**Student:** 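The structure is given below, and queries will be raised subsequently.
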Amino acid sequence: MPTQQPKLRIFDDPDELARGAAEEFAERVASKVESGECFTVALSGGSTPKRLYKLLAGEPYLGRVPWQKVHFFWGDERAVPPNHPDSNFGAAYETLLAKISVPPGNIHRIRAELGDPAEAAADYEDELRRFFRLSDGEFPRLDLVFLGMGTDGHTASLFPGSEALAEARRLVVAPWLEKLEAHRVSLTCPVFNNAACTMFLVSGEEKSETLRLVLEGPDEPARYPAQLIRPEAGELVWYLDRSAGRTLRRERG
């Protein structure tokens with residue numbers, strides 16, 4: 001269970017949500033860089049993050065954020081080449097990375113186009129271990145993780161009923177998803193739960209009932225994998241628009 005209640009911030013619409021997330025991101029980067037360290041962030045796919053990325057690619061954030069000090073990772077990826085329309089990396093590159101001044105070495109994408117999804121997962125795990133200088137049994141400490149949530153309660157590529165939900169040792173997995181008839185490459189729950197801050201971005205009335213069950217319903221993580229995101233030594237923040245949060249009993253945080 002989390003050490004504290006998750007924080008909720010509810011915005012009028014998706015655009016306001018994106019602006020709030022952009023400001024939070026910029027402030028966190030500035031605070032970390034002032035201490036002389038780089039900032040690490042794991043990006044998410046989906047339409048709501050795209051709004052955020054487009055904002056960050058323009059002023060004031062284009063000039064305000066010290067992009068050379070930011071290292072980009074991904075929470076999950078589809079088994080497609082980076083230039084494919086379904087690629088999470090491709091979406092982030094088109095809307096953000098191609099428009100900012102960031103060294104190529106700061107971009108740590110999942111090479112999901114490798115022929116074997118398990119190989120892609122092992123390759124990304126090696127990348128994480130090298131960058132964060134991890135020993136056996138250690139997990140990376142990302143400064144910020146952006147996550148979304150599907151109408152079925154999945155997050156990243158951790159879907160209901162997946163064997164990946166129980167993974168406790170590996171950093172990256174490539175489960176077969178029967179619902180999608182495809183493999184996905186995803187960071188595991190222990191990685192998400194070891195982040196300094198995990199921020200869900202959720203918008204849309206179609207997600208409101210699932211969101212209520214995830215936040216206020218019984219503990220059913222096999223059915224609603226987003227419930228598995230329970231940082232033990234970090235913050236958990238939910239950024240919502242009013243349509244998504246309309247059925248919640250109360251606003252927290």
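Remember, it's a predicted structure, so these values are computed and weren't measured experimentally.
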**Student:** Can you tell me if R78 uses its side chain to pair, donor with acceptor, with the backbone of D86 under 3.5 Å?
**Tutor:**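 Confirmed, R78 side chain pairs with D86 backbone.
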**Student:** Please enumerate all residues that pass ring pair (Phe, Tyr, Trp, His ring centres under 6.0 Å) together with Y53, with sequence neighbours excluded.
**Tutor:**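 Result, ring pair (Phe, Tyr, Trp, His ring centres under 6.0 Å) vs Y53: none returned.
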**Student:** For P82, is there any backbone N or O sitting under 3.5 Å from a side-chain donor or acceptor partner on E113?
**Tutor:**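 Not confirmed, E113 side chain does not pair with P82 backbone.
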**Student:** For D152, is there an ion pair with K179 - N to carboxylate O distance below 4.0 angstrom?
**Tutor:**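 The answer is yes: the pair qualifies as a salt bridge.
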**Student:** What's the separation between atom CG in L17 and atom CD1 in I10, rounded to the nearest 0.5 Å?
**Tutor:**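 If we round to the nearest 0.5 Å, L17:CG and I10:CD1 are 10.0 Å apart.
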**Student:** On a heavy-atom basis, which atom in W238 and which in P6 lie closest, and how many Å separate them?
**Tutor:**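 In this case the closest contact between W238 and P6 is CD1-CB, 3.8 Å.
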**Student:** So that I know where these two stand, are F132 and F73 an aromatic pair - ring centroids less than 6.0 Å apart?
**Tutor:**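 Yes; F73 has its ring centre under 6.0 Å from that of F132.
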**Student:** Going by the rule ring pair (Phe, Tyr, Trp, His ring centres under 6.0 Å), which residues pair with F25 if we only count those two or more places apart in sequence or in a different chain?
**Tutor:**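 For F25 the ring pair (Phe, Tyr, Trp, His ring centres under 6.0 Å) partners, ignoring immediate neighbours, are F39, W67.
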**Student:** Verify the ring-centre separation between F131 and H71: is it less than 6.0 angstrom?
**Tutor:**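 They qualify: ring centres under 6.0 Å apart.
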**Student:** Tell me, do S162 and P225 make a side-chain contact under 4.5 Å, heavy atoms counted?
**Tutor:**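 SC-SC contact between S162 and P225 ruled out.
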**Student:** Quick test of your reading: applying side-chain hydrogen bond (donor to acceptor under 3.5 Å, both in side chains), list the pairs with at least one residue in residues 163-173, sequence neighbours left out, ordered by first then second residue.
**Tutor:**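 Counting only pairs at least two positions apart or across chains, the side-chain hydrogen bond (donor to acceptor under 3.5 Å, both in side chains) contacts touching residues 163-173 are E167-R170.
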**Student:** At what distance, to the nearest 0.5 angstrom, does CG of L228 lie from SG of C189?
**Tutor:**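 It comes to 4.5 Å.
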**Student:** Nearest 0.5 Å, what's the CZ-CZ distance between R109 and R111?
**Tutor:**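 It is 7.0 Å, given to the nearest 0.5 Å.
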**Student:** Taking side-chain hydrogen bond (donor to acceptor under 3.5 Å, both in side chains) as the test, write out the residues that go with E209, two or more places apart.
**Tutor:**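 E209: side-chain hydrogen bond (donor to acceptor under 3.5 Å, both in side chains) contacts with R212.
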**Student:** Would you confirm whether T95, through its side chain, and A91, through its main-chain N or O, come within 3.5 Å as a donor-acceptor pair?
**Tutor:**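 Yes, because the side chain of T95 sits within donor-acceptor range (under 3.5 Å) of the backbone of A91.
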**Student:** What are the two closest non-hydrogen atoms of V214 and Q227, and how far apart are they?
**Tutor:**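 Nearest heavy atoms, V214 then Q227: O-NE2, 3.2 Å.
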**Student:** Strictly distance-based, threshold 3.5 Å: is any side-chain N or O of E125 a donor or acceptor partner for the main-chain N or O of V172?
**Tutor:**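 Confirmed, E125 side chain pairs with V172 backbone.
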**Student:** Find out if a path of hydrophobic residues (ILVMFWY) with successive side-chain heavy-atom gaps under 4.5 Å connects L134 to L187.
**Tutor:**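 L134 and L187: one cluster.
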**Student:** Do the side chains of M199 and L144 get nearer than 4.5 Å, heavy atoms only?
**Tutor:**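 When only atoms from C-beta onward are counted, M199 and L144 do touch, with a gap below 4.5 Å.
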**Student:** Quick one: does any side-chain atom of S208 pair with a main-chain N or O of R246 as donor and acceptor, under 3.5 Å?
**Tutor:**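 The answer is no, because no donor-acceptor pair under 3.5 Å joins these two groups.
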**Student:** When rounded to the nearest 0.5 angstrom, what is the spacing between CG in L248 and CG in L240?
**Tutor:**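 L248 CG to L240 CG: 6.5 Å, rounded to 0.5 Å.
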**Student:** Would you find a donor on one side and an acceptor on the other, under 3.5 Å apart, between the side chain of T198 and the backbone of F192?
**Tutor:**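 Yes; at least one donor-acceptor contact below 3.5 Å.
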**Student:** If you look only at pairs with a residue in residues 134-143, which of them pass as a side-chain hydrogen bond (donor to acceptor under 3.5 Å, both in side chains), with sequence neighbours excluded?
**Tutor:**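 Every side-chain hydrogen bond (donor to acceptor under 3.5 Å, both in side chains) pair that includes a residue of residues 134-143, provided the two are not neighbours, is K32-D143, T40-D143.
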**Student:** Return yes if some donor-acceptor pair links the side-chain N/O of N193 with the main-chain N/O of R230 below 3.5 Å, else return no.
**Tutor:**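 Yes, because the side chain of N193 sits within donor-acceptor range (under 3.5 Å) of the backbone of R230.
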**Student:** Would you find a donor on one side and an acceptor on the other, under 3.5 Å apart, between the side chain of Y124 and the backbone of H108?
**Tutor:**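 Flag set: sc Y124 to bb H108 pair under 3.5 Å.
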**Student:** Within a strict 4.5 Å, meaning less than it, do heavy atoms of the V33 and S35 side chains meet?
**Tutor:**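 The answer is no; the side chains never approach within 4.5 Å.
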**Student:** Flag the pair R28 and E235 as a salt bridge only when some basic side-chain nitrogen lies within less than 4.0 angstrom of an acidic carboxylate oxygen.
**Tutor:**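 Judged by the 4.0 Å cut-off on N to carboxylate O distance, R28 and E235 do form a salt bridge.
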**Student:** Is there a continuous path of hydrophobic side-chain contacts, each under 4.5 Å between heavy atoms, that joins L114 to L171?
**Tutor:**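 Looking at the clustering, L171 is in a separate group from L114.
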**Student:** Give me the atom names and distance for the closest heavy-atom approach of A244 to L211.
**Tutor:**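 Minimum heavy-atom contact is O-CD2, 3.3 Å.
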**Student:** Please answer whether the main-chain N or O of M149 pairs with a side-chain N or O of K207 as donor and acceptor at a distance below 3.5 Å.
**Tutor:**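 Yes.
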**Student:** Are L52 and I107 linked, directly or through intermediate hydrophobic residues, by side-chain heavy-atom contacts shorter than 4.5 Å (ILVMFWY only)?
**Tutor:**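 As far as the 4.5 Å side-chain criterion goes, L52 and I107 are connected within one cluster.
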**Student:** Minimum heavy-atom separation for H183 and A174, please, with both atom names.
**Tutor:**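 Heavy atoms of H183 and A174 come nearest at ND1-O, 3.2 Å.
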**Student:** Give the minimum heavy-atom separation between P140 and V191, together with the two atoms involved.
**Tutor:**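 Heavy atoms of P140 and V191 come nearest at CG-CG1, 3.8 Å.
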**Student:** Starting from the C-alpha separation in whole Å, work towards a yes-or-no answer on salt bridge (Lys or Arg N to Asp or Glu O under 4.0 Å) for D12 and R242.
**Tutor:** CA-CA 5 Å; D12 287 336; R242 294 206 177 275; 3.0 Å; yes
**Student:** Testing the 3.5 Å rule here: is there a donor-acceptor pair between the side chains of T48 and S203?
**Tutor:**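 S203 and T48 do have a side-chain donor-acceptor pair below 3.5 Å.
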**Student:** Can we say R64 and E23 salt-bridge, meaning some charged N sits less than 4.0 Å from an Asp/Glu carboxylate O?
**Tutor:**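 Answer for the salt bridge query: yes.
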**Student:** Does L201 belong to the same Ile/Leu/Val/Met/Phe/Trp/Tyr cluster as L55, with side-chain heavy atoms less than 4.5 Å apart forming each link?
**Tutor:**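 Shared cluster, no.
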**Student:** Taking all heavy atoms of P175 and all of S157, pick out the closest pair and write down the distance.
**Tutor:**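 It is CG-O, 4.2 Å.
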**Student:** Determine whether L8 and F11 fall in the same hydrophobic cluster, where Ile, Leu, Val, Met, Phe, Trp and Tyr are linked whenever their side-chain heavy atoms lie under 4.5 Å apart.
**Tutor:**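 Per the 4.5 Å side-chain linkage, L8 and F11 are co-clustered.
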**Student:** Closer than 3.5 angstrom, by distance alone: can the side chain of T155 be matched with the main-chain N or O of G148 as a donor-acceptor pair?
**Tutor:**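 A pair under 3.5 Å: yes.
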**Student:** State the CG-NE2 distance between L177 and H154, to the nearest 0.5 angstrom.
**Tutor:**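 It is 9.0 Å, given to the nearest 0.5 Å.
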**Student:** Could I get the full list of side-chain hydrogen bond (donor to acceptor under 3.5 Å, both in side chains) partners for S87, not counting sequence neighbours?
**Tutor:**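 Listed in chain order: E77.
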**Student:** Are side-chain N/O atoms of S186 and D76 paired as donor and acceptor at under 3.5 Å?
**Tutor:**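 Side chains of S186 and D76: no pair found under 3.5 Å.
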**Student:** More than 12 heavy atoms of other residues, nucleotides or ligands under 6.0 Å from CD of E181: yes or no?
**Tutor:**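 Not buried by this count: 12 neighbours or fewer within 6.0 Å.
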**Student:** How long is the gap from OH on Y93 to CZ on F72, to the nearest 0.5 Å?
**Tutor:**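 The OH atom of Y93 sits 12.0 Å away from the CZ atom of F72.
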**Student:** Do Y239 and F200 have their ring centres less than 6.0 Å from each other?
**Tutor:**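 No, too far apart.
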